[in-house]
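Here the structure is laid out as structure tokens; the discussion comes afterwards.
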Amino acid sequence: MQLNPSQSAAVEHDLGPMLVLAGAGSGKTRVVTERIARLLQRGVSARSILAMTFTNKASAEMHERVGKLVGSKLARELTVCTFHRFGLDVLGAETKALGLRGSAFAIFDQSDCTGVIREILRELRSGRSYDVGAILARISNAKNAFQTSEAWEEAQRSGKGIDEYDEVAMLVYPRYQAALRSFQAFDFDDLICEVVNLWKRRPDVLERWRTRYRYVIVDEYQDTNHAQLELLRLLGTHRNVVVVGDDDQSIYAWRGADVRNILDFEEHFGGAKVVKLEHNYRSRAPVLDVANAVLARAGGRRHRKTLIATRMGGDKVQHVICADPDVEASFVATEAMRLLEREGARPRDIAVLYRSNLLSGPIEAALKERQIPIRMIGGTQFFERKEVKDLIAYLKVALNPEDEMSLRRILNYPARAIGDAAVAKLAAHATARDLILWTAVSRPHAVHELSSAAMEGCRQLVRIVEATRQRFERGEPSAQIARALLVDAGFKEDIVAGSTSNSAAARRWGNLEGLLNVFTRRDEQGKGDREQFANFLRLLALRQESEEEEATDRVTLSSMHGSKGLEFPYVFVIGLEEGIMPHQRALSERATDAAPSGGEGEVVGHSIDEERRLFYVAVTRAKDRLYLCRAKARGSRGKLVPRTPSRFLLDVPEELLAEREEEGPQAPEIDKTKAGAASVLAALSFNPFSANQPVIPRRRP
DNA sequence: CGGCCAAGCATTTTT
DNA sequence: TGCTTGGCCG
């Protein structure tokens with residue numbers, strides 16, 4: 001298909017900064033990929049082009065699509081990666097300038113970081129428990145604003161009120177930074193901030209990167225934070241900076257994204273050209289009418305855009321009013337069934353979106369009941385799951401005994417009598433003699449006053465790690481090594497013993513199998529030596545899913561956030577009630593909420609707008625048909641509570657919606673709970689536990 | 001040190 | 001309502 005005039009303007013644009021305001025479904029990726037192809041055609045060297053995205057998935061897709069246009073050989077020369085990956089590569093290439101011991105550093109994910117903070121809080125013995133996530137969020141905000149702990153403290157004290165969490169965060173921040181440095185580790189924020197710091201400190205280093213990358217393209221620009229803007233400003237002196245985004249889809253302010261980056265782009269990069277892509281090629285007119293109505297009420301500063309439909313016709317958007325969540329779920333499932341059987345829809349054409357993952361339960365059950373295959377997006381990232389991290393930590397220690405963070409993680413996992421006291425003794429012993437912790441662990445008899453149980457625990461751990469190390473030396477495939485390790489360390493027993501239910505244990509074991517599969521796949525493709533494997537493990541923190549599925553034909557269940565960038569012919573949005581969408585937390589502030597640094601007060605109004613944009617994102621996922629569902633009553637910690645319709649729903653003019661009521665199964669409401677459970681079991685007609693429960697082989701005694 | 005029980009509390013989560 | 005967390009006791 002031909003490009004429209006705005007699209008070609010963006011593709012053809014020559015020199016100088018440009019902001020492409022790409023409304024939902026306006027062919028943004030196409031514009032970016034065609035633009036890259038165009039640059040290459042004009043003789044720009046592929047090596048001088050840098051395209052940054054936020055997710056691995058987005059960068060993979062972009063890379064692939066450019067490859068289709070220009071050939072994979074040329075595409076390989078391009079740098080298409082996530083912001084964080086770029087930061088990592090810069091830091092990795094500049095270890096000398098950074099003054100790091102050795103060339104490797106660790107990358108700490110969220111749980112590593114909260115672990116560090118938990119430890120610091122324990123040392124501070126504040127006598128009260130805190131939400132570590134809230135503290136981390138504040139530290140993260142400060143870091144991204146390049147406030148040192150002192151400057152931050154100063155700013156906070158002179159400025160308006162500081163709350164309790166600010167106080168603690170101030171106390172923790174410098175210790176947290178010091179701890180990271182002592183582990184020679186970077187957190188995700190550091191991957192960006194430390195690049196900026198380095199470049200500011202060392203103009204000569206910056207100059208090298210500037211000459212290398214003369215064309216920079218950034219996707220989803222509305223999601224960038226202050227540090228990323230700084231990085232871009234430093235790198236973009238050639239002024240060939242092109243950013244693409246949509247301020248109306250800014251939904252990550254709570255994670256530190258600063259929508260002002262996209263609003264003020266023209267100020268940050270003087271003389272910028274602005275192109276608006278307002279033609280929508282995704283959704284039918286009735287869907288877009290609703291989307292535009294939602295935006296019409298948006299407050300705050302915006303780059304005003306109105307989506308223009310190109311796909312006319314189509315059904316009115318349905319407003320489905322359900323008696324309760326079970327009715328809602330059965331409506332969704334029944335309607336999905338109808339679409340599959342009568343309208344020729346494939347499962348992959350259907351998505352169910354919700355504000356909070358908590359809402360997925362009934363839908364999941366209702367779809368399963370009808371044997372409809374589902375795929376869930378969201379939840380804890382694969383590589384952040386505890387058991388996965390435990391196994392990785394073992395492997396890391398076996399490959400590098402100096403990795404103290406990983407060692408501490410596995411020291412007493414599974415439990416082997418090395419508690420807090422024993423760890424403290426081991427650490428004290430090591431520090432006093434200037435040894436690494438591992439050395440102390442391998443010679444427990446030398447450690448003063450270590451209990452004999454703990455000593456035995458150390459010996460056991462050393463045996464396991466040592467056996468693993470030898471396997472690596474013999475060059476066994478990594479999957480095989482990991483499998484043996486699982487047996488040696490007794491993961492299975494611990495998981496079975498430590499899980500509340502069989503299905504939980506099965507799920508966790510399944511995650512380990514998933515990790516083994518990742519290893520196997522890697523083993524099969526050429527593999528590489530121990531060092532490469534160690535590096536691979538290190539990079540897992542930056543990777544999301546175990547890169548499976550995708551191609552599977554299933555109904556998608558996703559949080560609204562998780563659905564960004566996706567599209568489906570049929571979309572159900574559920575739970576459109578006050579308190580859920582917008583979420584309660586957006587309506588009333590909580591002490592643990594971290595206000596984005598530099599934010600202009602009025603936090604509450606701010607977040608309501610973000611909720612509205614989130615609703616807009618959800619609506620614009622739909623191509624052909626959209627169902628907006630709400631329940632008249634919904635459980636809130638156990639009790640069924642009446643619910644009022646979401647204000648966003650009320651903002652949509654009535655004539656744009658087709659309203660229908662769902663009363664639920666006419667089956668006389670005898671005993672709801674019993675009838676419900678019984679009918680579910682009857683419908684399943686097979687053992688509900690056998691479904692996703694891999695057989696757990698018993699280990700020989 | 002580890003297991004058990006009770007209280008508290010519960011968004012969203014690209015890297 | 002169901003899970004995590006922390007405190008207490010064996």
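Across all non-hydrogen atoms, the minimal contact from A:Lys564 to A:Gln222 is NZ-NE2, 3.3 Å. Taking each heavy atom of A:Phe188 and A:Gln110 in turn, the nearest pair found is CE1-N, 4.5 Å.
Contact check, A:Asn357 against B:dT11: no side-chain N or O comes under 4.0 Å of OP1 or OP2. A sub-4.0 Å separation between OP1 or OP2 of B:dT14 and a side-chain N or O of A:Gln381 is present. Taking only side-chain nitrogens and oxygens, A:Ser559 never comes nearer than 4.0 Å to OP1 or OP2 of B:dT11. At B:dT15, none of the side-chain N or O atoms of A:Asn225 fall inside 4.0 Å of OP1 or OP2 (strictly under the cut-off). One finds no side-chain N or O of A:Thr82 lying less than 4.0 angstrom from the OP1 or OP2 phosphate oxygen of B:dT15.
Considering only the side chain of A:Glu384, B:dT15 comes nearest among B:dG2, B:dT11, B:dT15. Nearest to the side chain of A:Thr55, among B:dT14, B:dT13, B:dT11, sits B:dT14. Distances were taken from every side-chain heavy atom of A:His583 (C-beta onward) to each of B:dT11, B:dG2, B:dT15; the shortest belongs to B:dT11. The side chain of A:Trp254 lies closest to B:dT12, out of B:dT15, B:dT11, B:dT12.
If you look at A:Phe54 and A:Tyr221, their ring centroids are not closer than 6.0 Å.
Within 4.0 Å of A:Ala454, counting heavy atoms only, lies no atom of the nucleic acid at all. Among the heavy atoms of the strands lying under 4.0 Å from A:Ala421 are primed sugar atoms or P, OP1, OP2 only; no base atom is included. A:Asp420 comes within 4.0 angstrom of sugar-phosphate atoms only, judged by non-hydrogen atoms across all strands, and of no base. As judged by a 4.0 angstrom heavy-atom cut-off over every strand, A:Arg355 is placed among the base-contacting residues. Contact annotation for A:Phe83: no contact, since no heavy-atom pair falls under 4.0 Å across all strands.
Panel note: side chain A:Arg634, backbone A:Leu640; no donor-acceptor pair is recorded below 3.5 Å.
Between A:Ser451 and A:Gly562, it is A:Ser451 whose nearest contact on DNA chain B lies nearer the 5' terminus.
Interface remark: the A:Arg255 side chain does form a donor-acceptor pair with the B:dT15 base, using a distance-only criterion of under 3.5 Å.
Taking atom P on both nucleotides, B:dT14 is separated from C:dC3 by 22 Å, rounded to a whole Å. Between C:dG6 and B:dT11, the distance separating the two C1' atoms is 24 Å to the nearest Å.
Using a cut-off of 4.0 Å between Lys/Arg side-chain N and Asp/Glu carboxylate O, A:Arg613 and A:Asp609 are scored as not salt-bridged.
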